[in-house]
Amino acid sequence: MSLSVTTRDAITAEVAKYPYKKTALLPSLKLAQKEKGWLSTETLAEVADLIGLPHSHAIELATFYAMLFTEKVAPVRVEYCLQLPCALVGAEDALAKTAKLLDVQLHGERGTRHGHTKDHLIELHGTVECYGACHRAPMCRVGDDYKENLKTDDDLQRLVADLKTRAAAAKSQAH
Amino acid sequence: MPLDYQPILLPNPGRTTAVALTEYEQRGGYDGLRNALRKKPEDVTTMVKDAGLKGRGGAGFPTGMKWSFVPKGPGPKYLVVNADESEPGTFKDRDLMEIEPHTLIEGIAIGSYAIGCELAFVYIRGEYTVAGDRLRDAVDEAKKAGLLGAPSKLTRADGTPFSLDIVVFLGAGAYICGEETALIESLEGNRAMPRSRPPFPAVAGLYMKPTVVNNVETLANVPYILAKGVDAYKAIGNPPNNTGPKIYCLSGHVKRPGNYELPLGKVTLRQFIEEYGGGTPSGRPVKGVLPAGVSAPIIPAANLDAVLDYDGIKGAGSMLGSASFIVMDDSVDMLWAATRMVEFFRHESCGKCTPCREGTMWLEKTLYRMMEGKGKESDLETLQFVSKQIAGNTLCALGDFATSPVTSSIKHYRDDYLAHLVRIEKKSDKKGDKAAE
């Protein structure tokens, strides 16, 4: 299914912003991903065609940048920072407790872990990337939103309630 | 006692909302730009040079000198702001953009005038969406007020209109974009991989045109220099090598983590941790401090009296870098800490240079093996050997950075590594005992 007129127009506007059209590729892929949730081969090709670039250029970027997804992801994506400043003040514990509250089995080793709820609506990740919120650690990103100061069980309960609300909204939107 | 110092970069500690244009102008905002436009561009560069401002992103290169490398003459020139703040422990540029966007915009405008740029880019890490939105709003405000635009309502010293547009560009998750040539590649729509130099960006940077890449905090220093003068700026800090204010990020084992703006060279690391950070929450002694995120050697507790400036931290065997201090108390196992840091570099290596791509993987594998209790004492030599093969053999500094957590932790905390081996030997003994029974 092709991109909406709104997204296609937004991509055209991006191209007009820069002296060279290839600069528009990265923001355009993000616009397409915002609409589709991820970047399929068809979406990558459509974005490249819209800008007037070879498809391979879009694939090159999509397979390099961590925020671009070439596989389907859950509608609610949670990324816990497990890098040193967060890990020193309880990020590992916060991730484990969040996983338990969501009944998520985490896989992977050490700094990189992942799992999802049984209904596949929430994905939980532990990452080694730092998100620049070390003074409000532990923290996680939920989509584009920062959830900071996740220090107590109450903080985590509130986080999980928010995640479930987001998952329910995504489910009703899908229907 | 904390210093009697009035911050100029983040004058409202604790504030979470953005300073709007009217508020910024009420406190003298854009006076620096207006002063700059009354001077010749080269005189602006000379002022920044004379003020002794060094790049605040990590490398500490003199800003005015960087500007002076841009060739004079016709043709496009670009100013690119490095706002890809991704170094673990670093969150100063985030606050600057979220709270004080106009200080950055004014700095960009002054820098652009000095080098002859009419289109500037701010490359913000993709995760900083709030900073991106606030900066875009502030750019729109400045345009509406006639401070920016092609042309703006301001006039240059030569009588022609001042013309500048600023594009706010968000990345998509790649630490390597903090390296200026990788950032340029990313801005051009390519994978963020460092370029071979020469040519340097000042000669052939963005779109192969003369380009200056400056950090957010660096440019945020510039308005004060132009508004108050070189002498006023040099009065802050510890001249000649350490002038001006610096935002120090504090995280890890401290009671009060956060951004602290202080003059360079006026506080020791111990004072900073104890008086500003409140000491360790556990009350346990400090075991070590990382002064530049995870990219510079660990400073051991014996060197906590180092002064917080470029020379002081260098004297303590490390580097000031982005001034992102991660404090670790004596409960921390430095083998574990080094492993976590190396995981980061293995994950973030762009893969272009073999020593970094393969070397970080081998460092991680070896550290994992040790963490799992399967290490040998010779693994310490392996770690040092691999580090030596990486350092200095890559196009950018990521390779060097990846080795410093390993080599410095082995140097200062060798016992932490050996403790894991000793534990295995004890386990082996126990097994042996059981077998004998």
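Values below: all heavy atoms of this structure, side chains included; hydrogens, waters and symmetry mates excluded. Chain A is the first sequence line, chain B the second, and so forth, proteins listed ahead of strands; every chain is numbered from 1.
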**Student:** Pull out the residues in residues 145-160 of chain A that come under 4.5 Å of chain B, heavy atom to heavy atom, sorted by number.
**Tutor:**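 Near chain B, by residue number: A/Tyr146, A/Glu148.
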**Student:** Using non-hydrogen atoms only, which part of B/Tyr78 is less than 4.5 Å away from chain A: side chain, backbone, both, or neither?
**Tutor:**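 Contact with chain A is through the side chain of B/Tyr78 alone.
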**Student:** For the residue pair A/Tyr18 and B/Phe121, categorise the inter-ring angle as parallel (less than 30°), tilted (30 to 60°) or perpendicular (more than 60°).
**Tutor:**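 It falls in the parallel class, under 30°.
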**Student:** Heavy-atom distance under 4.5 Å to chain A: side chain of B/Asn190, backbone, both or neither?
**Tutor:**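 Contact with chain A: backbone and side chain both.
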**Student:** Checking B/Glu85 against chain A: side chain, backbone, both or neither under 4.5 Å from a heavy atom?
**Tutor:**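 Neither; nothing under 4.5 Å.
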**Student:** Given a strict heavy-atom distance threshold of 4.5 Å, which part of B/Leu119 is in contact with chain A: side chain, backbone, both, or neither?
**Tutor:**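 When you check distances to chain A, only side chain atoms of B/Leu119 fall under 4.5 Å.
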**Student:** Side chain, backbone, both or neither: which part of A/Leu25 has a non-hydrogen atom closer than 4.5 Å to chain B?
**Tutor:**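 It is the side chain, since no backbone atom gets that close.
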**Student:** Which bit of B/Glu348 is near chain A, if near means a heavy-atom gap under 4.5 Å: side chain, backbone, both or neither?
**Tutor:**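 For B/Glu348, side-chain heavy atoms alone lie under 4.5 Å from chain A.
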**Student:** Considering only heavy atoms, which portion of B/Cys350 lies under 4.5 Å from any heavy atom of chain A: side chain, backbone, both, or neither?
**Tutor:**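 Both parts, backbone and side chain.
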**Student:** Let me know if A/Leu29 has heavy atoms under 4.5 Å from chain B in its side chain, its backbone, both or neither.
**Tutor:**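 Contact with chain B: none, neither part.
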**Student:** Where the side chain of A/Lys22 meets the backbone of B/Leu187, is there a donor-acceptor pair that is under 3.5 Å apart?
**Tutor:**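 Flag not set: sc A/Lys22 to bb B/Leu187 has no pair under 3.5 Å.
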**Student:** For A/Thr23 and B/Tyr207, what are the C-alpha separation, side-chain angles and deciding distance, and is it a side-chain hydrogen bond (donor to acceptor under 3.5 Å, both in side chains)?
**Tutor:** CA-CA 10 Å; A/Thr23 296; B/Tyr207 310 127; 2.6 Å; yes
**Student:** Where does A/Leu26 contact chain B at under 4.5 Å (heavy atoms): side chain, backbone, both or neither?
**Tutor:**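 Contact with chain B involves the side chain of A/Leu26 alone.
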**Student:** Under 4.5 Å, heavy atom to heavy atom, which residues of residues 73-80 of chain A contact chain B?
**Tutor:**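 Under the 4.5 Å heavy-atom cut-off, nothing qualifies.
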**Student:** Mind ranking B/Ser251, B/Gly258, B/Ala192 by heavy-atom pairs under 4.5 Å with chain A and telling me who comes out on top?
**Tutor:**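 Looking at each of B/Ser251, B/Gly258, B/Ala192 in turn, B/Ala192 comes out on top.
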**Student:** Name the region of B/Val327, side chain, backbone, both or neither, that has any atom closer than 4.5 Å to a heavy atom of chain A.
**Tutor:**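 Looking at B/Val327, just its backbone touches chain A.
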**Student:** I would like to know whether B/Arg256 and A/His135 meet side-chain contact (heavy atoms from CB on, under 4.5 Å); could you show each step before the answer?
**Tutor:** CA-CA 8 Å; B/Arg256 295 189 292 271; A/His135 51 331; over 6 Å; no
**Student:** Does a donor on one side chain sit under 3.5 Å from an acceptor on the other, for A/Tyr65 and B/Ser186?
**Tutor:**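 Looking only at side-chain atoms, B/Ser186 and A/Tyr65 do form a donor-acceptor pair, the distance falling under 3.5 Å.
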**Student:** Looking at A/Gln83, is its backbone amide N or carbonyl O close enough to the side chain of B/Arg340 to form a donor-acceptor pair, meaning the two atoms are under 3.5 Å apart?
**Tutor:**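 Not at all, since once roles are kept as given, no pair shorter than 3.5 Å links the two residues.
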**Student:** Please check this pair: side chain of A/Arg141 against backbone of B/Glu127, looking for a donor-acceptor N/O pair closer than 3.5 Å.
**Tutor:**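 Checked: no pair found.
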**Student:** What part of A/Ala87 lies closer than 4.5 angstrom to a heavy atom of chain B: side chain, backbone, both or neither?
**Tutor:**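 When you check distances to chain B, atoms from both the backbone and side chain of A/Ala87 fall under 4.5 Å.
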**Student:** Check whether B/Ile326 gets within reach of chain A through its side chain, its backbone, both or neither, counting any heavy atom under 4.5 Å.
**Tutor:**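 When you check distances to chain A, only side chain atoms of B/Ile326 fall under 4.5 Å.
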